[in-house]
Novice: 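A single structure is presented below for examination.
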Amino acid sequence: MLFNFCHWLSQTPFSVWLREAPYPYPVLLIIHVITIAVFGGMVAMGNLRVLGLAMRSVPVSQVIGQFRPWKWTAFVVLLITGLLVTASDPIEYYGNVMFWISNALLVVAGVNAMIFYFGAYRSVSNWDTDVTTPSGARRWAATSLTLWVVLIFAGRAIAFF
Amino acid sequence: MLLTFILQGHPEALPINPIARWEGVFPVIESLHICGFTLLVGTIAILDFRLMGIFLRAQPVWRLARELSKWIWLGLIIQLITGPYLFSGDPREYLAVTAFRTKMILFAVALVYHFTVVRQATVPTEISTPLGWRRPAGALSLCLWVAVLLSGLWIGNL
């Protein structure tokens with residue numbers, strides 16, 4: 001079913017163009033990776049702030065709140081460029097184990113972010129300016145940071161497999 | 001001669017340098033290099049956005065700069081280790097690539113700019129720092145680092 005869709009997609013003129021024209025693929029990939037730097041910097045500083053390791057003088061809610069619209073903007077760019085790169089060669093990615101591992105990690109990282117946002121973060125007003133945040137929040141931040149770093153390795157490995 | 005031998009080994013023998021010997025080493029070091037520039041450029045970008053007045057306006061510029069500084073340094077150190085090691089895998093090939101030479105020049109310019117202009121823009125002040133010239137200074141910093149990434153990523157496309 002999904003394979004049939006990939007097969008159909010790969011035959012569309014748009015997919016053929018993405019795959020065979022000299023510029024679309026490298027340009028999309030470069031935009032994708034540059035956006036990773038901007039997105040990743042804000043994610044890392046947010047996680048490290050909750051861990052009490054970075055931006056200690058800034059309240060947690062400011063780090064999370066002020067970065068949020070920019071993280072979402074970057075995420076949308078990552079999503080669009082990522083989908084277009086996938087659309088350039090759907091059959092190849094369909095059969096690539098690292099592609100599926102990367103996407104699974106992305107879902108886990110997303111769920112992890114939601115767990116924080118609707119969990120530990122709700123009581124942020126009680127520990128907003130603390131350097132040592134509640135242990136639940138710190139556990140979440142360590143998990144988040146690990147997931148994103150592993151995702152970089154897994155994402156890079158897609159091209160290797 | 002000796003340097004070439006150390007980096008690449010005997011021409012007929014398998015290279016001594018792990019990155020030239022096993023194909024799995026390169027993507028791992030490159031992933032570390034991606035983590036490194038995410039830390040380096042990602043944190044500098046936060047500072048640039050602040051200089052442009054885009055976010056964290058309630059935070060004094062100098063204090064944010066001081067707090068981000070160690071993470072910028074950590075990113076820079078990771079890059080100064082992983083970068084030369086990636087280069088060691090095939091030095092002659094890299095030197096022949098225009099994108100590589102462009103990237104190194106832009107990297108040098110961006111670093112000098114960071115430790116002169118951006119440093120000047122983030123010196124501690126007693127009252128809140130007026131942005132003024134700091135806005136274009138931050139925007140130029142961001143452009144320079146994006147250009148470094150752009151030329152660096154283009155190397156892999158050749």
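Throughout, a chain's letter reflects where its sequence line sits, starting with A, and its residues are numbered from 1.
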Novice: Would you check if the side chain of B:E67 reaches a backbone N or O of A:S57 as a donor-acceptor pair within less than 3.5 Å?
Specialist: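 Checking the backbone N and O of A:S57 against the side chain of B:E67, a donor-acceptor pair under 3.5 Å is found.
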Novice: So with a 6.0 Å cut-off around CZ of B:F115, is the heavy-atom count from everything else above 12?
Specialist: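 More than 12 within 6.0 Å, yes.
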Novice: Is A:A54 close to chain B through its backbone or its side chain, or both, or neither, when contacts mean heavy atoms under 4.5 Å?
Specialist: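 Backbone plus side chain of A:A54, per the 4.5 Å heavy-atom cut-off to chain B.
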Novice: In this structure, would B:I77 and A:I152 fall into the same cluster of hydrophobic residues linked by side-chain contacts under 4.5 Å?
Specialist: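 Hydrophobic grouping puts B:I77 apart from A:I152.
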Novice: Please name the pair of heavy atoms, one in B:R57 and one in A:Q66, separated by the smallest distance, quoted to 0.1 Å.
Specialist: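 Smallest interatomic distance, heavy atoms only, reads N-OE1, 4.0 Å.
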Novice: Can you tell which part of B:L56 gets under 4.5 Å to a heavy atom of chain A, answering side chain, backbone, both or neither?
Specialist: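 Backbone plus side chain of B:L56, per the 4.5 Å heavy-atom cut-off to chain A.
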Novice: Do A:F160 and B:V28 have side chains that get closer than 4.5 Å, going by heavy atoms?
Specialist: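 A:F160 does not reach B:V28 side chain to side chain.
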Novice: Taking all atoms of both residues into account, what is the closest heavy-atom pair of A:L53 and B:W71, and its distance?
Specialist: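 Reported closest heavy-atom pair: O-CZ2, 3.4 Å.
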Novice: With a sphere of 6.0 Å drawn around CD of A:E20, does it hold more than 12 non-hydrogen atoms of other residues, nucleotides or ligands?
Specialist: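 Count over threshold, so yes.
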Novice: Checking A:F153 against chain B: side chain, backbone, both or neither under 4.5 Å from a heavy atom?
Specialist: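 Both parts, heavy atoms under 4.5 Å.
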Novice: For chain B, which of A:I34, A:V38, A:V27 has the most heavy-atom pairs under 4.5 Å?
Specialist: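 Max contact count across the listed options: A:I34.
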Novice: Are B:F26 and B:W22 in one and the same hydrophobic cluster, where Ile, Leu, Val, Met, Phe, Trp and Tyr link if side-chain heavy atoms are under 4.5 Å apart?
Specialist: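 Both belong to a single hydrophobic cluster.
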Novice: Of the non-hydrogen atoms in A:A37 and B:L149, which two are nearest, and what is the gap between them?
Specialist: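 Nearest heavy atoms, A:A37 then B:L149: CB-CD1, 4.0 Å.
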Novice: Which pair of non-hydrogen atoms, one from B:F37 and one from A:V33, has the smallest distance, and what is that distance?
Specialist: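 Looking at all heavy atoms of both residues, the closest pair is CZ-CG1, 3.4 Å.
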Novice: Looking only at heavy atoms, which of residues 68-104 of chain A get nearer than 4.5 Å to chain B?
Specialist: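 Hits under 4.5 Å: A:W70.
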Novice: CE of A:M55 to CG of B:L68: how many Å apart, nearest 0.5 Å?
Specialist: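 Rounded to the nearest 0.5 Å, the CE-CG separation comes out at 5.5 Å.
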Novice: What residue in A:R156, A:R56, A:M42 has the most heavy-atom pairs under 4.5 Å with chain B?
Specialist: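 Highest number of pairs under 4.5 Å: A:R156.
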Novice: To the closest 0.5 Å, what do you measure between CD1 (A:I36) and CD1 (B:I34)?
Specialist: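 It comes to 6.5 Å.
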Novice: Take atom CH2 in B:W73; do more than 12 heavy atoms of anything else shown fall under 6.0 Å from it?
Specialist: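 Counting other residues, nucleotides and ligands, CH2 of B:W73 stays at 12 neighbours or fewer.
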Novice: Out of B:P27, B:G152, B:A58, return the one with the most heavy atom pairs under 4.5 angstrom to chain A.
Specialist: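 Option with the top pair count is B:P27.
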Novice: Could you report the tightest heavy-atom contact between A:V149 and B:C35, atom names first, then the distance?
Specialist: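 Here A:V149 and B:C35 meet closest at CG1-SG, 4.1 Å.
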Novice: B:I81 and B:V25: same hydrophobic cluster, using ILVMFWY side-chain contacts below 4.5 Å?
Specialist: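 No: no chain of side-chain contacts under 4.5 Å links B:I81 to B:V25.
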Novice: Using heavy atoms and a sub-4.5 Å threshold, report which of residues 113-131 of chain A line up against chain B, by residue number.
Specialist: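 Within residues 113-131 of chain A, no residue comes under 4.5 Å of chain B, counting heavy atoms only.
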Novice: Side-chain heavy atoms under 4.5 angstrom apart, residues restricted to Ile, Leu, Val, Met, Phe, Trp, Tyr: same cluster for B:L51 and B:W62?
Specialist: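 Per the 4.5 Å side-chain linkage, B:L51 and B:W62 are not co-clustered.
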Novice: Below 4.5 Å from any heavy atom of chain A, which atoms of B:L32 appear? Answer side chain, backbone, both or neither.
Specialist: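 It is both, since atoms from each part get that close.
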Novice: What part of B:L150 lies closer than 4.5 angstrom to a heavy atom of chain A: side chain, backbone, both or neither?
Specialist: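 The answer is both parts of B:L150.
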Novice: Where on A:M45 is there a heavy atom nearer than 4.5 Å to chain B: the side chain, the backbone, both, or neither?
Specialist: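 Contact with chain B: side chain only.
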Novice: Working to the nearest 0.5 Å, report the span between CG of A:L48 and CG of B:L39.
Specialist: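 Reported to 0.5 Å precision, the distance equals 8.0 Å.
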Novice: Is it true that A:W148 and A:W140 fall in one hydrophobic cluster, defined by side-chain heavy atoms closer than 4.5 Å?
Specialist: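 Different clusters: A:W148 never reaches A:W140 through Ile, Leu, Val, Met, Phe, Trp or Tyr contacts under 4.5 Å.
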